[in-house]
Amino acid sequence: MQSQYHPRDIEPAVQKEWADSGAFHAPDGSDKPKYYCVSMLPYPSGKLHMGHVRNYTINDALYHYLRMKGMNVLFPMGWDAFGLPAENAAMANKVAPAKWTRDNIAYMKQQCQAMGWAIDWTREVATCDPSYYRWNQWFFLRLWEKGLVYKKSGMVNWDPVDMTVLANEQVIDGRGWRTGALVEKREIPMWYMRITDYADELLGSLDGLGWPEQVKQMQRNWIGRSEGVEFVLPYAPQTARRMNDAKAGLKVFTTRADTIMGITFAAVAAEHPLASEAANGNPRLAEFIEECKRGGVQEAELATMEKKGMPTGLFVLHPITREPVEVWVGNYVLMGYGEGAVMAVPGHDERDFAFATKYGLPIKQVIGWEGTHGSGKPYSTDAWQPWYAEHGINVHSGASFPALDGLGFGAAIAAVVAKLGELGIEAKTRVTYRLRDWGISRQRYWGTPIPIIQCPECGDVGVPDEQLPVVLPEGLVPDGTGSPLAKTPSFYECKCPKCGGAAKRDTDTMDTFVDSSWYFMRYACPDAGAMVDERAQYWMPLDMYIGGIEHAILHLLYARFWTKAMRDLGLVDVDEPFTNLLTQGMVLNHIFSRRTGKGGIEYFAPDEVEVTHDAEGKVAGARLRGDGSAVDYDGIGTMSKSKRNGVDPQDMIDRYGADTARFYVMQANPPTDTMIWSDASVEGSFRFLRGLWKTVHDHVAAGVIAPYGSPSSLGQGRGEGQLSPQLKALRLKLHRTIEKVGDDYGRRLQFNTAIAAVRELLNLRDDLKDASPLARAVSQEALEGAILLLAPIVPHICTALWAELRPGTKLIDQPWPQVDKSALVQDEIELVVQVNGKLRGHVRVSSSATGEVIEATALADESVQKYLNGQKPRKVIVVPGRLVNIVV
RNA sequence: GCCGGGAUGGCGGAAUUGGUAGACGCACGGGACUCAAAAUCCCGCGGUGGCAACACCAUGUGGGUUCGAUUCCCACUCCCGGCACCA
């Protein structure tokens with residue numbers, strides 16, 4: 001055996017052995033139970049980053065652990081290969097996105113192999129391959145046939161200089177990232193998927209999932225089911241004339257119909273037809289509506305901007321009092337939500353209150369809380385208080401509806417609905433969702449072409465199945481203006497499949513969330529001649545899905561919807577794709593930047609700067625190592641190429657080997673926690689592995705021996721009593737550690753504590769100076785155990801060390817170690833003694849001692865006597881196996 | 001702004017169901033070995049007071065519940081993620 005640890009020799013050799021034997025190929029059927037363990041597929045951005053290393057090492061550790069536990073485990077890998085960064089790279093380097101993407105995939109695949117992850121590469125999928133995306137197209141057409149796909153207009157960010165649609169990411173401070181032009185909202189026709197048809201099921205079936213509660217809560221809130229009332233505010237006569245419809249009115253939806261008597265105005269979105277009509281002949285209003293259309297479409301931007309409004313001069317009637325109510329245009333009313341119009345009750349809605357205060361509109365209290373929520377909830381129109389929005393008892397309803405006074409929330413709503421009915425105003429209780437239908441059209445090149453042909457005669461016609469896939473031409477290089485496909489006649493010119501006349505293909509591509517909504521099913525059958533086949537039925541659903549917390553809502557929700565839609569088309573027989581979910585925390589790093597002269601921004605890598613700290617030890621600023629010039633500290637954020645704060649795992653592999661990189665990310669903190677990068681302790685991880693190598697080397701140098709407890713061991717047939725207390729303690733530690741590490745890997749999914757436990761075990765073994773055959777047999781047992789427990793984290797070194805400890809056997813064939821229950825038995829245990837909840841001493845008692853005996857022992861303890869000072873204790877609390885608390 | 005999460009020594013973290021706060025590491029300090037350095041090994045390492053035994057304080061801030069709170073409740077501060085076209 002080599003006396004030194006040389007990962008550069010070991011790792012490639014072990015990897016070759018795995019590859020040659022097809023060790024990680026999972027058959028599509030087995031006597032063993034299946035375990036399907038998938039990580040979110042990477043975007044091939046160029047190189048692996050630390051987030052990937054973390055993600056796939058977690059997946060790999062679970063793979064090895066469950067394989068050792070006797071399961072047929074599958075760990076597949078693929079590439080989320082369509083998307084915006086490829087187009088950006090293409091513009092920057094004048095390379096076609098296809099080439100850039102495929103080169104990146106090749107490089108990153110080799111990096112995955114160097115990390116030694118147990119990936120079944122026979123199932124690799126890249127979403128940019130026509131053999132994959134043809135099924136996006138095929139499925140799109142099936143959903144269209146079922147009415148689950150439809151076309152309507154949608155709002156996008158528009159760059160008026162480049163004449164192109166911008167992604168939210170490309171809008172910086174309200175301006176286009178390349179042109180600096182002020183971004184505008186623009187309505188264009190887009191294809192939508194009816195995810196809202198599945199809203200109730202998406203909500204209901206969350207309950208049974210083995211997901212983190214916080215993620216389920218985020219999804220529940222995102223879907224945002226609410227029950228409310230939809231009704232019409234009748235137009236005042238003059239408004240009815242202007243809107244050219246005497247009978248109609250302004251349709252609104254509210255979850256607070258109980259506050260209807262508090263309506264003092266109504267508000268509509270800038271895009272609402274009533275706003276457009278009111279703007280005719282009102283230049284100031286027209287200007288305001290134009291102003292509302294400026295800016296982008298991001299919700300965070302809309303929700304934080306100053307609430308502004310302007311009266312339209314048009315009135316609707318309060319449905320009960322028949323008093324005129326003025327309609328305002330408000331920039332906070334969104335056309336996409338509900339009806340694009342709201343009844344405003346400033347007395348009991350915080351946004352309406354702020355708006356009314358700003359524009360001097362009346363505020364009316366119609367809900368009170370005395371007697372229901374206790375006192376101390378006064379009402380004043382001077383300032384908003386949080387309880388104004390709480391449910392309560394109706395008050396001040398007025399002469400037209402006195403019966404409403406005194407009713408509570410539910411009864412009041414019922415009364416309002418009944419009253420509106422009596423007055424001949426249609427009012428329906430309705431369930432609405434915050435969730436909106438999924439717009440999938442993108443005016444971009446590097447994505448799945450939408451399989452629709454626009455015929456001047458026949459309208460939108462689906463591409464016939466036999467003409468699929470609609471292949472994306474791969475040689476194009478985008479230039480940032482408009483959509484490349486829309487400028488490529490050879491792509492869009494075609495014949496109508498229905499009438500044979502000249503027609504035009506849809507030049508939009510699909511949202512890349514489509515690609516990632518079902519790839520995990522394609523892994524099961526990457527060569528299938530259909531979207532999926534029966535092999536998907538064997539592997540689905542995923543037993544564990546691992547990925548970043550940043551995907552908690554959108555990706556996971558779309559994939560759940562897609563799976564349910566596939567089920568309803570009879571393609572797969574599962575209700576939910578991901579039985580269990582592990583959301584890993586992000587890997588973050590410090591960000592340093594400097595504004596350049598032209599208003600741009602320049603980023604610096606953390607290793608290029610020297611950080612300065614303030615008095616509290618927080619980072620205050622930094623200087624460039626090169627010339628000492630000051631740079632700004634921008635705080636901590638996601639590792640990204642653009643911010644230059646990423647860490648390339650390749651350096652670590654080159655210097656220390658893959659096992660050190662794997663060990664480092666797993667020992668640092670729990671997988672669900674955010675990890676702020678620090679390379680300070682990477683060295684320590686390497687030292688541990690080097691020490692482990694030396695420990696096994698020294699043991700093997702003295703000769704391997706059958707481990708204690710095995711049939712041929714010295715310990716066989718001898719009683720436990722013959723072990724010295726030290727050897728007994730070591731065996732106790734070993735078997736406790738086996739229990740703990742199994743629990744950490746299998747149930748807790750917490751690897752840092754498992755590693756700490758194995759370190760403790762090895763530290764205890766190192767203290768052993770006894771070189772007798774019996775001691776060496778216990779030592780052998782402990783070392784074998786430690787190697788098996790670490791194997792899921794650092795499989796290369798463990799494979800090499802196992803071959804030394806057990807010549808002729810292979811680590812990959814070993815099962816998870818068994819806990820020897822007899823090693824766990826203890827005669828005596830130590831208990832903590834507290835006086836008034838403070839630690840004052842320890843007592844040793846028999847492990848079978850009763851509460852009375854424990855109490856007596858504790859009271860007799862010297863340190864307790866000191867605090868008792870002759871008094872009788874008021875109370876004694878005995879927690880079996882843990883502590884005694886004496887209250888004086 | 002809204003939704004979800006987090007905060008524990010100089011640093012990463014541990015404490016799994018309300019029961020010994022700081023496991024296990026990193027960094028640092030002292031010592032051994034060495035001509036010297038590296039590597040390795042040994043010791044120390046939350047704060048204050050004390051020669052020490054020990055005492056008191058301490059888990060972002062302020063309150064509360066409890067024999068006992070890092071853990072539960074209320075209010076707040078700061079940070080992170082998401083907000084529908086980054087993936």
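Just so it is clear: chains get the letters A, B, ... in the order the sequence lines come, proteins before strands, and each one is counted from 1.
- Place A/E350 and A/L84 on RNA chain B by their nearest nucleotides, and A/E350 ends up nearer the 5' end.
- For the pair A/R434 CZ and B/rG1 P, the computed distance is 16 Å after rounding to whole Å.
- Helical stems of RNA chain B (runs of at least 3 Watson-Crick or G-U pairs, donor-acceptor distances under 3.5 Å) are listed by first residue: B:1-7 with B:77-83, B:10-12 with B:24-26, B:28-32 with B:40-44, B:46-49 with B:54-57, B:60-64 with B:72-76.
- Between B/rG82, B/rU20, B/rC80, one nucleotide has an atom nearer to the side chain of A/L588 than all others, and that is B/rC80.
- Taking the side chain of A/T304 as heavy atoms from C-beta on, and the options B/rU20, B/rA87, B/rG1, the nearest nucleotide is B/rG1.
- Residue A/R748 places at least one side-chain N or O closer than 4.0 Å to OP1 or OP2 of B/rA15.
- One interatomic measurement links the two molecules: CG of A/L554 to P of B/rG81, which rounds to 16 Å at whole-angstrom precision.
- Under the side-chain contact (heavy atoms from CB on, under 4.5 Å) test applied with A/D659, the options A/Y5, A/Y664, A/F686 reduce to a single match, A/Y5.
- Side chain of A/N221, nearest nucleotide from B/rA87, B/rG19, B/rC3: B/rC3.
- Ring geometry for A/H49 against A/H52 counts as parallel: the plane angle stays under 30°, on a 0 to 90° scale with 60° as the upper cut.
- At a cut-off of 3.5 angstrom, counting only N and O atoms as typed in the model, there is a donor on one side and an acceptor on the other between the side-chain of A/R747 and the base of B/rU16.
- Rounded to whole angstrom, the span from the CD1 atom of A/I553 across to the C1' atom of B/rC3 amounts to 7 Å.
- Counting any heavy atom pair closer than 4.0 Å across all strands shown, A/V876 reaches no nucleic acid atom.
- Distances shown here put every side-chain N or O of A/K838 at or beyond 4.0 Å from the OP1 or OP2 atom of B/rC54.
- Between the CE atom of A/M666 and the P atom of B/rC26 there is a distance of 19 Å, rounded to whole Å.
- Across all strands, A/V156 comes closer than 4.0 Å to base atoms (heavy-atom distances).
- Note on A/K694: nothing from the nucleic acid sits closer than 4.0 angstrom, heavy atoms only.
- Per the geometry, CG belonging to A/L689 stands 13 Å off P belonging to B/rG25, to the nearest Å.
- Using cut-offs of 30° and 60° for the angle between ring planes, the A/F82 and A/W446 rings count as perpendicular.
- Judged by distance alone, the side chains of A/Y332 and A/R351 never bring a donor and an acceptor atom under 3.5 Å apart.
- Candidate nucleotides B/rU20, B/rG13, B/rA84 were compared by shortest atom distance to the side chain of A/P670, and B/rG13 ranks first.
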Measure all distances between protein nitrogen or oxygen atoms and nitrogen or oxygen atoms of nucleotides 64-71 of chain B, and list the pairs falling under 3.5 Å.
unit_1: B/rC67; atom_1: O2; unit_2: A/N885; atom_2: ND2; d: 2.3

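- Nucleic acid contact for A/W438: none, since no nucleic acid atom lies under 4.0 Å from a heavy atom of the residue.
- In the interface, the side chain of A/Q667 is not paired with the base of B/rG12 through any donor and acceptor atom under 3.5 Å apart.
- Ring orientation note: the planes of A/Y745 and A/F751 are tilted relative to one another, at an angle of 30° to 60°.
- The nearest whole Å value for the distance from the CG atom in A/N752 to the C1' atom in B/rG12 is 9 Å.
- Atom NZ in A/K740 sits about 10 Å away from atom P in B/rA14, given to the nearest Å.
- Between A/N669 and B/rG12, a side-chain N or O to OP1/OP2 separation shorter than 4.0 Å is absent.
- The side chain of A/T674 places no N or O atom within less than 4.0 Å of a non-bridging phosphate oxygen (OP1 or OP2) of B/rG6.
- A cation-pi arrangement, defined by a distance under 6.0 Å to the six-membered ring centre and an angle within 45 degrees of its axis, is present between A/K152 and A/Y192.
- Using a 4.0 Å heavy-atom cutoff across all strands shown, A/L435 reaches at least one base atom of the nucleic acid.
- B/rC80 and B/rA75 have their C1' atoms separated by 22 Å, with the value rounded to a whole Å.
- Here A/R434 pairs with A/E299 in a salt bridge; the nearest charged N to carboxylate O distance falls below 4.0 Å.
- Checked by atom type and distance alone, the side chain of A/D515 never pairs as donor or acceptor with a backbone atom of A/T127 at under 3.5 Å.
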